[in-house]
Amino acid sequence: MTVKLTVLATGGTIAGIAGSATAKDYSAGQIAIEDYLENVAGLGLSAELSAQQIANIDSADIGQGVWNDLHRATLAALGDPECQGIVITHGTDTLEETAFLLDLTLPVHKPVVMVGAMRPADAVGYDGLRNFANAMRVAGDGEAAGRGVLVVMGDRIFGGRDVRKVRTRGTEAFRGFPRESVGLVTPSSLEWFGAPWRAVGEPRFGWVDALPEVVIVAAYSGLCGEAVARCIGPDTRGVVVAGVGEGNMPEAARRELVRRCAQGLQVVRASRADEGLVDAEPDDAANGFVASRALNPAKARILLQLLIASGETERAAIQRAFDGR
Ligand code: SIN
């Protein structure tokens with residue numbers, strides 16, 4: 001039976017053009033989704049695709065406006081009885097943020113699969129069509145439902161909460177932490193590691209059209225209190241520290257953030273290291289800080305924004321939200 005999928009396109013390198021098969025520089029978000037699907041049709045895959053262009057931009061420029069449109073369109077597709085699964089094309093640079101945001105704010109009763117590419121469409125060894133074919137396979141599989149928003153890159157399937165871009169170049173640019181990947185996929189095979197883990201039901205957070213301002217402050221040797229203070233504006237409601245090691249920071253930066261916490265700012269300690277947990281420390285309660293656990297700074301920011309938007313202000317409750325999966 002032919003599976004019916006909805007494709008929501010936002011741009012990125014998967015829709016990018018270099019103008020030459022060997023050029024290094026290229027522009028992301030150049031190919032319209034209708035034209036892209038003509039190439040996909042040439043693959044001979046048995047799926048009926050309906051497409052919508054949400055945006056066609058570099059994912060560095062994706063923010064609240066595109067997120068609002070994408071969330072609305074995904075919800076509509078989830079509610080459409082004709083649609084069996086959703087594929088979202090996206091630039092790889094901020095794919096992990098959009099994936100986690102959607103993971104926290106969508107119901108998961110149908111597959112929602114995000115996909116990108118590391119090479120533009122006219123490059124030698126373009127990875128986008130293979131990734132797209134893989135994403136179609138995952139989105140058409142009933143077993144994908146109940147796993148939250150998934151990301152398909154480089155023949156692997158990642159959980160939206162775990163996925164991270166870990167390399168600037170090359171087709172093996174993504175990894176998952178703490179779950180490395182949740183399945184393997186090729187155009188001719190699909191293998192899940194374990195059963196679906198998410199209860200089908202309401203999303204964890206309601207959608208918010210204007211998320212509060214949360215900034216990421218990178219820690220480094222010599223980071224001073226004044227530099228921290230300059231990152232915090234009048235509308236800033238939270239700070240995620242991309243800390244050294246296990247979410248640490250110089251004493252001067254700590255003192256400035258403790259002072260701001262006492263005035264109502266929410267502070268989360270994450271790590272600038274690629275992988276590893278940032279666990280709560282005895283001093284966190286006195287400082288007013290929260291530990292990000294498995295979330296990297298970009299994802300910790302998304303969760304903190306949603307928590308603040310939902311009216312959560314209690315430190316212990318925010319810590320529990322970071323502790324949970
Ligand atoms: C982007 O994120 O839009 C550009 C880079 C990419 O898609 O790989």
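When a residue number appears, it is its place in the shown sequence, counting from 1. For ligands, and for the atoms within them, numbers begin at 1 and follow the listed sequence.
- Evaluated for a salt bridge (charged side-chain N to carboxylate O under 4.0 Å, His left out) with Asp284, the options Arg293, Arg269, Arg254 yield exactly one hit, Arg269.
- Nearest non-hydrogen protein atom to atom 6 (C) of ligand 1 is Thr13 OG1, 2.7 Å.
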Quiz item: Do Glu213 and Thr236 pass the side chain to side chain donor-acceptor pair (under 3.5 Å) test, and can you show the C-alpha distance, the side-chain angles, and the key distance before you say yes or no?
Solution: CA-CA 5 Å; Glu213 183 177 289; Thr236 308; 2.5 Å; yes
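- Between Met118 and ligand 1, no N or O atom pair is found at a separation short of 3.5 Å.
- Ring pair Trp207/His71 is parallel by interplanar angle, where below 30° counts as parallel and above 60° as perpendicular.
- Contacts between Ala117 and ligand 1, counted as non-hydrogen atom pairs separated by less than 4.0 Å, involve the backbone only.
- Distances from ligand 1 to the non-hydrogen atoms of Gly29 include no value under 4.0 Å.
- Atom CG of residue Leu49 and atom CD of residue Glu34 lie 12.0 Å apart, to the nearest 0.5 angstrom.
- Under a 4.0 Å criterion applied to the non-hydrogen atoms of Ser59, ligand 1 contributes the atoms 1 (C), 2 (O), 3 (O).
- Remark: side-chain polar atoms of Ser59 are paired, donor with acceptor, to backbone N or O of Thr94 under 3.5 angstrom.
- Considering only non-hydrogen protein atoms, atom 8 (O) of ligand 1 sits nearest to Thr92 OG1, 2.4 Å.
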